[in-house]
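Residues: numbered from 1 along the sequence shown. Computed from a predicted model, the values in this text were never measured in an experiment. What you see below is based on every heavy atom in this structure, not just the backbone, and it leaves out hydrogens, waters and symmetry mates.
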Amino acid sequence: MEEEKMEIVCLDLEGVLVPEIWIAFAEETGIPELKRTTRDEPDYDKLMKYRIGILKEHGLGLKEIQETIAKIDPIPGAKEFLDKLRAMTQVIIISDTFSQFAGPLMKKLGYPTIFCNSLVVADNGEITDFKMRCEKSKYTTVKALQSIGYDTIASGDSHNDLGMIQASKAGFLFKSTDAIKAEYPEIPAYETYDELYAAIKGVIEA
């Protein structure tokens with residue numbers, strides 16, 4: 001007899017539940033170079049080193065970014081979607097963001113579980129480096145969940161979400177770019193929380 005598997009939904013954070021933090025910060029500071037995200041630069045390591053260099057150049061640190069984050073609200077409907085989803089199944093947010101950024105946003109989302117990375121911050125508040133939780137963190141996390149008996153259902157909007165989407169029992173693009181949707185036509189793509197909820201519910205009830 002086949003064992004009954006439990007489902008767990010793995011969601012990206014930025015672009016899916018909350019606006020992109022770096023884009024908001026770029027607008028706040030008037031530094032357009034900080035608008036680059038994983039949608040533009042698939043190599044996250046390269047992207048973060050680039051960002052840290054720009055922050056250093058402009059003398060900006062963690063405090064300034066956290067002040068911007070304090071003003072960011074979840075995307076309209078995100079908290080309701082998350083609440084409804086968590087009433088139906090287990091949900092984890094798997095993000096390449098950092099615990100120093102995510103805290104205030106988790107409060108606004110009703111404290112869901114989040115797996116993310118951490119920043120290395122000097123005493124003066126300068127961001128000097130970053131620590132990834134593990135290699136290819138989203139993909140690795142999904143594989144680890146599968147190894148302990150979960151079927152994963154994943155959704156995200158960006159290049160760095162493709163690993164976890166493709167490795168999952170079911171995966172969906174959400175609020176993604178036309179370029180990514182065109183490149184991966186086999187991945188169902190949705191624009192509204194109602195559509196995404198219905199798709200996840202369909203997989204769970206199948």
- Task: Say whether, by atom type as modelled, one donor and one acceptor occur between the side chain of T113 and the main chain of I92 under 3.5 angstrom.
- Result: no

- Name the orientation class of the two ring planes belonging to Y197 and F81 (parallel below 30°, tilted from 30 to 60°, perpendicular beyond 60°). perpendicular

- K169, NZ atom: more than 12 neighbouring heavy atoms under 6.0 Å: yes

- Message: Using a 3.5 Å distance criterion without hydrogens, assess whether the side chain of T89 forms a donor-acceptor pair with backbone atoms of E7.
- Response: yes

- Query: Do any N or O atoms from the side chain of S118 and from the backbone of S99 form a donor-acceptor pair under 3.5 angstrom?
  - Reply: no

- Message: Would the distance check show the side chain of K108 and the main-chain N or O of A70 forming a donor-acceptor pair, the cut-off being under 3.5 Å?
- Response: yes

- CG-OG distance between L17 and S95, expressed to the nearest 0.5 angstrom: 9.5 Å

- Give a yes or no on whether the backbone of R36 and the side-chain of R51 come within a donor-acceptor separation of less than 3.5 Å. yes

- Item | N/O donor-acceptor pair under 3.5 Å between T97 side chain and A102 backbone | no

- So, Y190 side chain and F172 main chain: donor-acceptor pair closer than 3.5 Å or not? no

- For D40, side chain to side chain donor-acceptor pair (under 3.5 Å) partners two or more places apart: none

- Query: Can a donor-acceptor pair be found between the side chains of Q146 and T152 at a distance below 3.5 Å?
  - Reply: yes

- Message: Does atom CD (Q90) have a neighbourhood of more than 12 heavy atoms from anything else shown, all under 6.0 Å?
- Response: no

- In Å and rounded to the nearest 0.5 Å, what is the CD to CD1 distance from E20 to I75? 8.5 Å

- Message: Would the distance check show the side chain of E64 and the main-chain N or O of G61 forming a donor-acceptor pair, the cut-off being under 3.5 Å?
- Response: yes

